[in-house]
There are 2 protein chains.
Amino acid sequence: MARIPVAERRRTLVDAAIRVVARDGVAGTTTRAVVAEAGMSLASLHYAFASREELLDAVIADVTEQERRAAEDGLLPLVNSTGPAPAMVDVIRAGLDRFLDLLVADPLRERALLELILHALRTPGHEAVLAAQHATYQRAAQSSLETAALASRSRWRVPVPTAARLLVTLTDGLTMAWLADRDTAAARVTVVFAAQALAALAEPLDPTTTPSGDDLDQDSQEPGPC
Amino acid sequence: MARIPVAERRRTLVDAAIRVVARDGVAGTTTRAVVAEAGMSLASLHYAFASREELLDAVIADVTEQERRAAEDGLLPLVNSTGPAPAMVDVIRAGLDRFLDLLVADPLRERALLELILHALRTPGHEAVLAAQHATYQRAAQSSLETAALASRSRWRVPVPTAARLLVTLTDGLTMAWLADRDTAAARVTVVFAAQALAALAEPLDPTTTPSGDDLDQDSQEPGPC
DNA sequence: GTCTATAAAGTGATAGAC
DNA sequence: GTCTATCACTTTATAGAC
């Protein structure tokens with residue numbers, strides 16, 4: 001077959017492995033399944049990667065980087081907006097709703113990432129890639145919150161890393177809960193309260209601006225599964 | 001060997017399987033590993049359970065029931081307390097702190113439960129046990145919140161199922177975040193804000209009672225990993 | 001009912017031809 | 001560099017002796 005640079009081989013294999021993990025889970029991501037998806041021989045995988053675990057490390061790093069870019073892209077519309085400053089709670093709610101959109105549109109991807117993280121949590125030798133994943137998320141959450149403060153002309157009343165950890169906690173929890181019950185309407189309601197909880201940790205720079213959230217006393221009953 | 005009732009065999013096998021899942025993960029829970037832990041032969045497992053998957057179903061149901069009982073027991077101290085009614089935020093914070101205590105004391109158990117849920121999410125035919133698990137959690141969260149309202153002489157301003165879903169989201173997120181970074185001090189801070197977020201959805205029955213939370217402007221910096 | 005032994009089908013990794 | 005063929009091992013499940 002054609003002589004392919006090892007860097008390109010790695011890319012092809014990582015992309016194929018991501019599809020296999022999403023479809024069959026980590027346990028189903030055998031070396032044979034990956035090379036079948038990538039359309040190459042088993043030996044080529046072991047030429048590009050020393051072992052299956054090394055391939056999985058590369059997959060985790062790649063998926064994490066993709067998520068980080070998605071978060072970054074989600075912030076661009078905010079910094080470029082003109083008009084009057086929106087309330088912090090609305091900025092956060094819009095961001096969380098966009099996150100939920102991604103989850104609903106591609107649940108296999110998020111489930112795959114959770115599986116990969118749990119796998120790395122249990123397997124010795126994956127500490128480095130796991131720490132990198134966590135640091136990337138924390139940083140993405142921090143810059144999201146800092147951008148949100150700029151857009152809403154607010155300041156954080158708690159250290160940004162503290163608020164960022166709450167944001168990560170909320171997105172992780174939203175993901176787990178939605179994957180478990182697939183109740184998108186209920187998740188939207190949870191997003192509203194999550195946004196209020198985060199926005200309560202910030203205050204407007206200009207005291208005359210009155211921050212307004214949604215009505216707490218809404219009579220929305222728990223909707224059934226979609 | 002001794003002739004053992006099949007019900008007892010099943011109990012022994014499920015208990016052994018729970019230990020193996022906690023130690024080696026779902027992928028490491030092979031039929032051989034379980035029978036070695038239980039001290040019986042491979043054929044005895046297949047006499048009690050038709051397949052490995054059927055055993056895993058029983059494990060998920062058992063662990064879920066144990067968690068439900070733990071949540072129930074955690075509520076008993078609340079309803080029996082005399083003295084003046086504590087503030088809702090303090091009741092919830094105490095409950096979340098107790099949850100965090102359990103997580104820190106036995107992280108392998110929570111990690112195992114997450115792995116089992118993800119496994120059930122991916123494997124066809126496990127929908128029933130997964131739905132049961134989710135319903136159990138939602139019910140436990142609801143009765144926890146109702147008990148908290150009683151103890152703090154408050155009422156919920158939103159439907160209890162809605163608040164319960166936020167509680168489940170927060171505990172799931174707390175678990176994932178702590179498992180990822182093992183930063184107990186940061187998790188305690190997250191608990192404070194999570195409790196405030198939930199307490200904001202309730203109001204005291206007696207208007208003269210002033211609900212008091214913690215100071216939001218505390219200068220706690222993000223602590224390093226433990 | 002309980003066991004040993006084994007079947008049948010995987011797995012990760014590598015040797016060696018080209 | 002890339003391939004086929006294969007090693008060495010593990011897996012679930014079952015057959016058949018007792």
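Every chain is numbered from 1, with letters handed out A, B, ... down the list of sequences.
- In this structure, the side chain to side chain donor-acceptor pair (under 3.5 Å) partners of A/R19, at least two apart in sequence or on a different chain, are A/E37.
- Screening residues 24-72 of chain A for ring-ring contact (aromatic ring centres under 6.0 Å, His included) gives no qualifying pairs among residues at least two apart or on separate chains.
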> Which string of ( ) [ ] | and . matches DNA chain D, if you list each base 5' to 3' and count Watson-Crick or G-U pairs only when both distances are under 3.5 Å?
Replying inline: ||||||||||||||||||

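- Put simply, A/S44 has a side-chain N or O that comes within less than 4.0 Å of OP1 or OP2 on D/dC3.
- Tested against A/L198 for a side-chain contact (heavy atoms from CB on, under 4.5 Å), the candidates A/V91, A/I92, A/V89 yield a single pass: A/I92.
- In this view, B/D24 satisfies the salt bridge (Lys or Arg N to Asp or Glu O under 4.0 Å) rule with no residue, not counting sequence neighbours.
- Scored by the side chain to side chain donor-acceptor pair (under 3.5 Å) test, B/S41 finds B/S44 as partners (sequence neighbours excluded).
- Partners of B/H126 under the ring-ring contact (aromatic ring centres under 6.0 Å, His included) rule, at least two apart in sequence or in another chain, are B/H119.
- For B/I4 and C/dG1, the CD1 to P distance is 11 Å, given to the nearest whole Å.
- Of the listed nucleotides (D/dG1, D/dT4, C/dC3), D/dG1 has the atom at the smallest distance from the side chain of A/R3.
- The CD-P distance, from B/E54 to D/dA13, rounds to 10 Å in whole Å.
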>> Treating primed atoms plus P, OP1 and OP2 as sugar-phosphate and everything else as base, which nucleotides of nucleotides 12-18 of chain C get B, S or - for protein heavy atoms under 4.0 Å?
In response: BBB----

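- Between B/R9 and the phosphate of C/dG1, there is no side-chain N or O to OP1/OP2 separation shorter than 4.0 Å.
- Scanning for salt bridge (Lys or Arg N to Asp or Glu O under 4.0 Å) contacts around B/D106 gives an empty result, with sequence neighbours left out.
- No side-chain heavy atom of B/Q196 sits less than 4.5 Å from a side-chain heavy atom of B/R93.
- For B/E146, there are no salt bridge (Lys or Arg N to Asp or Glu O under 4.0 Å) partners at least two apart in sequence or on another chain.
- In the region residues 111-129 of chain A, proximity to DNA chain D at under 4.0 angstrom, judged on heavy atoms, holds for none of the residues.
- With sequence neighbours excluded, the residues satisfying salt bridge (Lys or Arg N to Asp or Glu O under 4.0 Å) with A/R69 are A/E65.
- Every residue two or more places apart in sequence or in another chain was checked for a side chain to side chain donor-acceptor pair (under 3.5 Å) with A/W156, and none qualifies.
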